[in-house]
Amino acid sequence: MTDINLSDSLLHWFAQNGRELPWRVKGKAHFDPYAVWISEIMLQQTTVKTVLDYFGRWMKRFPTLSDLAQADLQEVLLMWQGLGYYTRAKKIHECARILVDKYNGQIPSDRNELLKLPGIGAYTASSICCFAFNKPETVVDGNVIRVIARLYGLRHAVSKEEIYDLASQLTPTENGADYASAIMDLGATVCTPDNPTCIVCPWSSHCMARKKNLTDQIPVIQKPIKKERFGTLWLIKNMAGAYCIRKRPGKGLLSGLYEFPWTYSDEPSLYSKEEGIGFGSVTHVFTHFKLRLDIRIIKSETSPVSEGVFVLPSDLKEYPFSTLMKKVIAKIK
DNA sequence: AATTCGGGGAT
DNA sequence: ATCCCAGAATT
């Protein structure tokens with residue numbers, strides 16, 4: 001069999017088994033490149049199931065590029081809170097204004113032009129070309145890495161570049177949107193990390209990993225160690241029952257979100273360790289470290305940080321918070 | 001080339 | 001607990 005037959009069999013499988021998704025139109029490109037762009041940014045490093053609700057709320061509040069460009073970053077972050085990687089929300093907002101100001105409100109269909117825009121990298125540029133403009137670009141995400149590594153039986157740690165070279169040779173010159181959707185759906189629903197259902201896979205008879213019974217060992221991924229960090233969080237409560245919160249910097253961890261003031265244990269503390277009353281702790285697992293914050297309640301009419309503001313519990317919903325801080329909020333109610 | 005960015009669902 | 005998911009930007 002030739003490579004043409006591989007892509008044909010995959011497209012045939014997709015026509016019958018591909019997922020129906022709000023940001024997808026099977027059989028052709030999506031009519032709204034804006035919707036494709038938003039969905040692609042949201043889907044980075046997360047799952048379809050997680051994004052569905054966020055995408056629905058987003059398109060209701062910001063139906064068009066213009067609506068998004070006119071909104072405040074604060075409101076964009078409110079829509080994004082809980083999704084993680086908050087720099088994406090900032091970049092998406094930046095990008096919307098650039099598109100309105102310099103691109104006549106149109107999302108480019110040229111890959112190199114897309115790569116110039118904030119928040120759009122190699123994968124997303126290709127995916128917008130495929131899904132919004134039906135171009136025959138090759139997309140490489142976690143699904144494609146797994147599918148291709150298994151198809152070719154790659155037993156070493158693979159790079160995205162290596163996968164791209166192999167995957168691009170299989171990419172047909174027509175049906176760009178369907179083919180990109182298909183290979184990703186195959187990885188998401190058939191060629192899964194654990195217990196792939198090879199029996200229904202259109203590429204089963206060509207798959208080297210299956211032939212050698214190595215699907216549970218491919219792809220080879222190296223995993224970094226996750227360290228644990230500690231700190232103290234201060235619930236500073238005034239006579240009116242309001243709590244002190246502050247906005248995090250525009251860069252770095254949880255950028256742009258609000259928080260109750262806290263510091264790592266290896267940094268200068270805002271109060272002495274014994275001050276206030278212990279109020280338990282919260283733990284949270286980030287991608288690259290685990291964090292435990294011991295909580296202490298302080299009665300004070302003034303903030304220990306210059307940018308702190310006092311907010312009543314009933315008004316906290318107006319501020320974007322991380323999931324970590326939502327855990328703290330849940331404790332004070 | 002490595003590290004830094006969140007969060008949740010499945011196992 | 002561990003894995004990993006439609007990655008990009010920074011160092």
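The shown structure was predicted, so the numbers you read here are calculated from the model rather than taken from an experiment.
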For this session: Report the C-alpha distance between Gln81(A) and Ser322(A) in whole Å, list the side-chain angles of each, state the deciding distance to 0.1 Å, and finish with yes or no for side-chain contact (heavy atoms from CB on, under 4.5 Å).
Result: CA-CA 6 Å; Gln81(A) 62 180 343; Ser322(A) 65; over 6 Å; no
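Nucleotides dA10(B) and dA6(C) are separated by 13 Å at their P atoms, to the nearest Å. A gap of 22 Å separates the P atoms of dC5(B) and dC4(C), to the nearest Å.
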Scan nucleotides 9-11 of chain B against the protein and return all N/O pairs shorter than 3.5 Å with their distances rounded to 0.1 Å.
none

Show the distances under 3.5 angstrom between N or O atoms of the protein and N or O atoms of nucleotides 9-11 of chain C.
from: dA9(C); atom 1: OP1; to: Gly119(A); atom 2: N; distance (Å): 2.5

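Using a 30° and 60° split on the angle between ring planes, Phe260(A) and Tyr243(A) fall in the perpendicular class, above 60°.
His288(A) has no side-chain polar atom (N or O) that falls below the 4.0 Å cut-off from OP1 or OP2 of dT3(B). One finds no side-chain N or O of Gln44(A) lying less than 4.0 angstrom from the OP1 or OP2 phosphate oxygen of dG7(C).
How far CD1 of Ile221(A) is from CD1 of Ile145(A): 6.5 Å, rounded to the nearest 0.5 Å. In this structure, the separation between CD on Glu40(A) and OG on Ser126(A) is 10.0 Å, given to the nearest 0.5 Å.
Rounded to whole Å, atom C1' of dA8(C) lies 9 Å from atom CD of Gln45(A). Rounded to whole angstrom, the span from the CD1 atom of Ile41(A) across to the P atom of dG7(C) amounts to 11 Å. A straight line from OH of Tyr85(A) to P of dT4(B) spans 12 Å, rounded to a whole angstrom. The distance between atom CE of Met79(A) and atom C1' of dG7(B), rounded to the nearest whole Å, is 18 Å. Rounded to whole Å, the distance from CD1 on Ile225(A) to P on dA2(B) is 14 Å. Going from atom NE2 of His93(A) over to atom P of dA8(C) covers 21 Å, rounded to whole Å. Residue Phe55(A) contributes atom CZ, which lies 17 Å from atom P of dA6(C) at whole-angstrom precision. For Phe286(A) and dT4(B), the CZ to P distance is 14 Å, given to the nearest whole Å.
Trp23(A) comes within 4.0 angstrom of a nucleotide base, judged by non-hydrogen atoms across all strands. Within the nucleic acid shown, Ala180(A) has no heavy atom closer than 4.0 Å to any nucleic acid atom. Using a 4.0 Å heavy-atom cutoff across all strands shown, Tyr123(A) reaches at least one base atom of the nucleic acid. At the heavy-atom level, Val48(A) lies under 4.0 Å from base atoms of the strands shown. Gly187(A) comes within contact range of no nucleotide atom at all, as no heavy-atom separation falls under 4.0 Å. Using a 4.0 Å heavy-atom distance criterion, Lys223(A) is classed as a sugar-phosphate-only contact. Across all strands shown, Thr124(A) has heavy atoms under 4.0 Å from sugar-phosphate atoms exclusively, and none from any base. Within the nucleic acid shown, Arg146(A) comes within 4.0 Å of sugar-phosphate atoms alone, with no base atom in reach, counting heavy atoms only. Among the atoms of the strands shown, base atoms are found under 4.0 Å from some heavy atom of Leu21(A).
The cationic atom of Lys226(A) (NZ for Lys, CZ for Arg) does not lie both less than 6.0 Å from the six-membered ring centre of Phe289(A) and within 45° of the ring axis. A cation-pi arrangement is found for Arg57(A) relative to Tyr54(A), the charged atom lying closer than 6.0 Å to the ring centre and inside a 45° cone about the ring normal. For the pair Arg296(A) and Tyr271(A), the cation-pi test (distance below 6.0 Å, angle within 45°) is failed.
Taking the six-membered ring for Trp, Trp58(A) and Trp80(A) have ring centres closer than 6.0 Å.
A salt bridge does not link Asp178(A) to Lys28(A): none of the charged side-chain nitrogens sits closer than 4.0 Å to a carboxylate oxygen. One finds no salt bridge joining Lys247(A) and Glu307(A) here, because no Lys/Arg side-chain nitrogen approaches an Asp/Glu carboxylate oxygen to under 4.0 Å.
Side-chain proximity of Pro193(A) to dG7(B), dC4(C), dG7(C): nearest is dC4(C).
Using a 4.5 Å cut-off on side-chain heavy atoms (C-beta onward), Lys26(A) and Glu20(A) make contact.
Judged by closest nucleotide on DNA chain C, Lys290(A) is the one of Lys290(A) and Leu43(A) placed further toward the 5' end.
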